[in-house]
Amino acid sequence: MRRAFAAVFVALVLPSAAGAQPGVGVKAKTGKGLYAAFCLSCHGVDGRGVSSTSHPPGVLDLRGLGPPLKRVGALAADFYLTTGYMPLADPYHQPRHTKSPFDNREIAALVAYVASLGKGPAVPRPQPQQGDLSRGLSLFTEHCAGCHQVVAEGGYVTNAVAPPLHQATPVQIAEAVRIGPYLMPRFPASQITDAQLNSIIAYVLWAKHPDDPGGWSIGRIGPVPEGLVAWLIAATALVACCLVIGRRYQQ
Amino acid sequence: MVRRAVEGTEEPVVIRGLVRFLDERSGTAPFLKKALRYAFPDNWSFLLGEVALYAFVILVGTGIYLTLFFEPSTASTYYTGHYLPLRGHEMSVAYRSAVDLSFKVRAGLLMRQTHHWAADVFVASIVLHMLRIFFTGAFRKPRDLTYYLGLTMLILALLEGYLGYSLVDDLLSGMGLAIGYSVLMSIPVVGGNLALLLWGAPFPGKPDFESRMYVAHVFLFPILIATLLGLHLFLVAARHHTQFRESRRTTEKKVVGVPTFPGQAPRSLGLFFAVAAVLFLLGGLVQINPIWLWGPYHVAAGTNGAQPDWYLGWLIGALRLVPNFDVTIGHYTLVPNPFWGGALFPLLVFLFLYLSPWLERRLTGEYGFRNMLDRPRDAPWRTALGVALFTWVFIIFLAGASDRVFVSFGVSYEAQIWAYRVLVFVAPVVALLVTRKLCFALQQSERLGRIRKQAEAEARGELPQPE
Ligand code: HEM
């Protein structure tokens with residue numbers, strides 16, 4: 001729902017606000033030009049951030065409209081752009097995973113521009129095939145399942161949604177762990193090493209399609225859908241049997 | 001009561017032979033003859049209790065199969081089986097044996113899943129059965145004792161299911177036990193001692209706790225339920241079923257229905273096969289509690305959105321809806337928060353249900369025997385109060401799933417909780433008033449219909465029909 005809203009919002013409001021159609025009519029194909037058209041209003045000139053006091057505190061009590069981008073580097077820019085988190089429609093809303101309005105070339109140009117604003121981390125190159133699935137499950141349970149649910153189906157955390165991770169690519173997962181977007185804590189290499197990160201990614205990728213027995217997996221979130229099946233399928237079928245076998249009330 | 005089964009039906013030779021065989025060895029022919037002639041009401045709603053009975057039979061059958069392979073021990077071990085995500089994990093023997101039961105034991109997963117589906121459906125059918133009893137007034141004297149036994153079995157079934165869910169020692173088991181522990185601890189004065197008595201030590205408790213749960217789950221509770229079930233059925237037969245006032249043939253004193261044989265027995269057998277088919281089909285085709293995905297429980301581990309089975313969802317809902325406060329005296333917490341939702345709420349609901357027969361006697365002044373059933377509309381106040389109560393419980397039950405509703409449909413969690421906090425007070429009152437009105441309206445339209453029919457008959461010059 002919200003995601004759809006955000007997408008519509010981006011599609012309808014942003015191009016007109018910026019006076020340009022991404023991917024088609026943008027005159028400035030350079031990173032700087034795109035930045036000026038789509039990001040400057042919130043992140044300020046040269047990524048200094050906008051901390052206008054005229055705006056009430058937004059997400060995370062963030063002052064102003066957007067945080068400074070001086071030291072976030074290519075890593076954060078790549079994550080926020082490839083996930084479609086940015087450009088954000090409303091600075092008081094949680095960014096959601098959507099299709100980016102930019103094409104790959106435009107994203108590359110924007111990432112390069114943000115990276116040029118200051119010294120920051122580069123886009124990571126995780127190697128999930130070197131990870132260990134079983135270690136991945138323990139690490140994921142220890143660090144991530146409390147928010148993202150143990151099979152990465154997502155869940156509610158105070159004032160936000162910890163999204164399901166089935167859309168995230170290996171690179172995005174690695175980036176998210178190092179950034180800690182929105183309410184998510186950031187995990188530096190001192191907490192989760194690159195090798196451990198590979199295992200976590202291996203597990204998250206596996207959790208997209210766990211190969212397991214038992215039949216139709218009704219959401220992999222446990223009792224809520226199970227209760228629905230018990231009532232809507234089993235109990236309903238059995239009440240129908242009773243109606244067929246027994247007689248209805250007759251005056 | 002005069003028992004009058006449909007006359008003139010002769011049992012086939014096999015049955016007669018069987019009765020003779022038993023009679024020659026036990027002298028029970030009169031009893032068996034009576035049992036075979038027992039008249040069952042053939043209204044469909046009387047079959048809901050049988051569904052519960054047959055689900056229980058399936059539970060015992062599949063449960064016995066599980067005991068052959070399940071090892072109730074918290075001793076530590078490492079998983080070395082073929083399922084990759086768990087390879088090398090440290091876990092309890094109990095959890096490993098449940099995983100092996102699912103992956104290695106022949107028909108193990110089918111039995112585990114069928115057992116769990118049967119538990120979900122067992123409680124669902126008890127609830128449906130109870131609704132039928134409540135809304136038709138079947139709990140009135142002389143069947144109040146039967147009704148108390150039924151309610152007690154419902155409570156036992158809830159606890160039994162909770163124990164089964166907790167035995168397995170997967171991540172959800174452990175998280176569920178942690179909540180149960182905190183609710184027990186929250187009971188004023190005695191809670192702490194009770195919890196320590198059961199668990200043997202502060203959470204997660206001593207290894208003995210697992211064996212205690214096991215004995216309770218596979219022996220104590222099933223035996224208790226089976227005993228109460230026997231008494232329950234004996235009392236039903238001894239005072240005979242109730243019946244609807246469907247024709248002039250049925251009165252407070254006369255019983256009309258289908259005899260056990262050849263009427264009820266094959267129908268009931270058919271229902272048993274239907275229950276078994278539904279449960280085993282679900283067990284084979286639809287995943288339930290995939291414990292290998294949850295992983296083993298460790299005290300520090302947890303997952304978002306852990307939920308109990310549906311029949312305890314109303315308690316999770318209540319724990320969520322009660323605002324966060326404790327009752328303290330100085331530094332001493334007299335009533336910790338989980339008490340309200342986890343203990344007081346179910347206590348109130350069951351108190352109301354247990355007191356219903358007595359309350360109804362006091363309020364209506366009807367102290368006599370009541371063998372005829374009401375249709376819900378015939379007792380507007382009972383129906384309205386019942387609908388109010390179950391609406392209240394249902395709203396709180398829904399609140400238990402609000403986090404999943406938020407994640408799946410994007411409806412703000414905080415907004416939902418506040419909406420439920422209002423609905424909890426408003427919805428029962430609205431339900432009560434609307435239901436009462438509806439009952440009166442239905443009665444009214446029926447009365448008008450009768451008067452019209454009579455007037456039409458008189459206009460045609462026919463004699464007025466006796467009511
Ligand atoms: C009112 C009847 C019963 C209910 C509601 C009930 C419910 C449950 C539930 C919900 C589970 C968890 C299943 C899972 O792993 O997903 C369970 C497990 C188990 N039950 Fe029962 N049960 C009942 C009767 C019995 C009986 C009569 C026995 C045996 C004599 C039994 C033996 C077991 C065993 C050994 C397990 C653990 C093994 C496993 O799940 O892998 N149960 N039960």
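Only this structure's heavy atoms are used, side chains among them; waters, hydrogens and symmetry mates stay out. Residue numbers begin at 1 in each chain, while the letters A, B, ... track the order of the sequences.
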Under 4.5 Å to a heavy atom of chain A? For B:Val51 that would be side chain
Structural part of B:Tyr83 lying under 4.5 Å from a heavy atom of chain A = side chain
Proximity breakdown for B:Val286 and chain A, heavy-atom pairs closer than 4.5 Å | both
May I ask you to decide if A:Ile218's main-chain N or O and B:Gln287's side chain share a donor-acceptor pair within less than 3.5 Å?
-> no
Are side-chain heavy atoms of B:Leu86 and A:Leu137 found at a separation under 4.5 Å?
-> yes
Chain A contact via B:Leu279 - side chain, backbone, both or neither, heavy atoms under 4.5 Å = neither
Side-chain contact test, heavy atoms from C-beta onward, threshold under 4.5 Å: evaluate it for B:Phe46 versus A:Arg247 and give yes or no.
-> no
For the side chain of B:Gln307 and the backbone of A:Gly222, is there at least one donor-acceptor N/O pair under 3.5 Å apart?
-> no
Tell me, out of B:Pro308, B:Pro290, B:Gly313, who's got the most heavy-atom pairs with chain A below 4.5 Å.
-> B:Pro308
Select one option (side chain, backbone, both, neither) describing which atoms of A:Glu226 are under 4.5 Å from chain B's heavy atoms.
-> both
Would you mind reporting whether A:Pro223 and B:Tyr165 have side-chain heavy atoms less than 4.5 Å apart?
-> yes
Please walk me through it: do B:Tyr413 and A:Val157 pass side chain to side chain contact (heavy atoms under 4.5 Å, CB included)?
-> CA-CA 9 Å; B:Tyr413 179 82; A:Val157 290; over 6 Å; no
Heavy-atom proximity to chain A below 4.5 Å, by part of B:Arg404 | side chain
For B:Glu414 and A:Asn159, work out which heavy atoms get closest and say how close.
-> OE2-OD1, 3.3 Å
Starting from the C-alpha separation in whole Å, work towards a yes-or-no answer on side chain to side chain contact (heavy atoms under 4.5 Å, CB included) for A:Tyr249 and B:Asn43.
-> CA-CA 7 Å; A:Tyr249 180 88; B:Asn43 186 278; 4.1 Å; yes
Considering all heavy atoms, the nearest B:Leu293-A:Tyr203 contact | O-OH, 4.4 Å
Minimum heavy-atom distance between A:Tyr156 and B:Asn304, given as atom pair plus value = O-ND2, 3.0 Å
Between the CG atom in A:Leu238 and the CG atom in B:Leu271, the distance rounded to the nearest 0.5 Å is 7.0 Å
Does the side chain of A:Ser138 reach to within under 4.5 Å of the side chain of B:His89, using non-hydrogen atoms?
-> yes
Heavy-atom pair count under 4.5 Å with chain B, highest-scoring of A:Ala162, A:Gly146, A:Ala230, A:Pro210 = A:Gly146
In short, B:Trp44 meets A:Cys242 closest at the heavy-atom pair CB-O, 3.3 Å
